[in-house]
Amino acid sequence: NNEWAHVMRNYLGGDAVWRADSMKYSSMKAEEYDPDFMDYGYVNPVYVLDVFDTLRRNPEDYPGVHEKLLRASPGQYLRRNLNDEYEIAQKYGALEEFYHIGGIIYTPNPIVVTVMTEYLHYEDALMGDAAEMLVNYTLELDKRLEALIAAQEAQPQPTPTPEALPTPEVTPAAEPVVEKPE
């Protein structure tokens, strides 16, 4: 919760240190951050996606974090409609009018996702529906890609004949220079 987040920020050295350290996990340039990121820690979708993609690519660099996110909020948010069909690492954030979720849905080709809402009263359902739609869409794309690859592999490839191979250009060797004694 937000109270523990403030305790953690103080432990790490305060808000300014936390913000500077947290910017390391995103590809965003300093001028791309919302001014409220510096004042209130507000994040945007690019930042959240970058953080979760960093975790997806390098879970061993963050011992314990990945495992905790895999257990977070059972049956809620990104897990709401998907139940236990896929592993999902997720973290919600809430502050007054904002309700956000970020996560990784481990389909065969993992999906890094964030859903950010403001002034809604059905965030959990919206996030669950969005996760389900993304999974269905991704799985359909995977099927289409597999079919395309299979069709390409099924086409016979012509075997090159010696006549079809390019003839290498032969450069004549230079005549050896024989020096005559004077």
What's the spacing between Arg80 CZ and Ser73 OG if we round to 0.5 Å? 13.0 Å
What heavy-atom pair brings Arg79 and Ala89 nearest, and what distance separates the two atoms? NH2-N, 4.5 Å
Which heavy atom in Leu82 sits nearest to a heavy atom in Ala131, and how many Å separate them? CD1-CB, 4.0 Å
Looking only at the side chains, is there a donor atom on one of Tyr99 and Tyr77 sitting less than 3.5 Å from an acceptor on the other? yes
Closest non-hydrogen contact found for Leu70 with Glu87 is CD2-CB, 4.0 Å
4.5 Å side-chain heavy-atom contact, Leu120 and Leu126: yes
Would you give the length of the straight line joining atom CD1 of Ile88 to atom OG1 of Thr107, rounded to the nearest 0.5 angstrom? 10.0 Å
Answer yes or no: does atom OH of Tyr122 have more than 12 heavy-atom neighbours from other residues, nucleotides or ligands under 6.0 Å? no
Minimum heavy-atom distance between Val17 and Leu12, given as atom pair plus value: CG1-O, 3.4 Å
Shortest non-hydrogen pair, Asp50 vs Ser26, comes out as OD2-OG, 2.7 Å
Shared hydrophobic cluster for Val48 and Val46 (ILVMFWY, side-chain gaps under 4.5 Å): yes
Answer with yes or no after comparing the ring centroid distance for Phe52 and His100 against a 6.0 Å cut-off, counting only values under it. no
Would you say Tyr62 ends up clustered with Ile104 if hydrophobic residues are merged whenever their side chains have heavy atoms under 4.5 Å apart, either directly or through other cluster members? yes
Less than 4.5 Å apart, side chain to side chain, heavy atoms only: is that true for Leu139 and Asp142? yes
Side chain proximity check, Val51 to Leu55, heavy atoms < 4.5 angstrom: no
Given the rule that I, L, V, M, F, W and Y join up when any side-chain heavy atoms are under 4.5 Å apart, are Val112 and Val65 in one cluster? yes
Please give me the minimum heavy-atom distance between Val113 and Ile105, naming the atom from each residue. CG1-CD1, 4.2 Å
Does some side-chain heavy atom of Met116 sit less than 4.5 Å from a side-chain heavy atom of Phe98? no
Give a yes or no on whether the backbone of Glu123 and the side-chain of Thr117 come within a donor-acceptor separation of less than 3.5 Å. no
Answer yes or no: are there more than 12 heavy-atom neighbours, outside Arg144 itself, under 6.0 Å from its atom CZ? no
Does Glu67 pair with Arg71 as a salt bridge, N-O distance under 4.0 Å? no
To the nearest 0.5 Å, what is the distance between CG (Asp53) and OG1 (Thr114)? 13.0 Å
Taking the side chain from Asn81 and the backbone from Gly128, do they hold a donor-acceptor pair closer than 3.5 Å? yes
pair Glu146-Leu148: side-chain heavy atoms closer than 4.5 Å: no
Other residues, nucleotides and ligands only: do more than 12 of their heavy atoms fall within 6.0 Å of CG on Asn58? yes
Has Gln90 got a side-chain atom pairing as donor or acceptor with Leu78's backbone, closer than 3.5 angstrom? yes
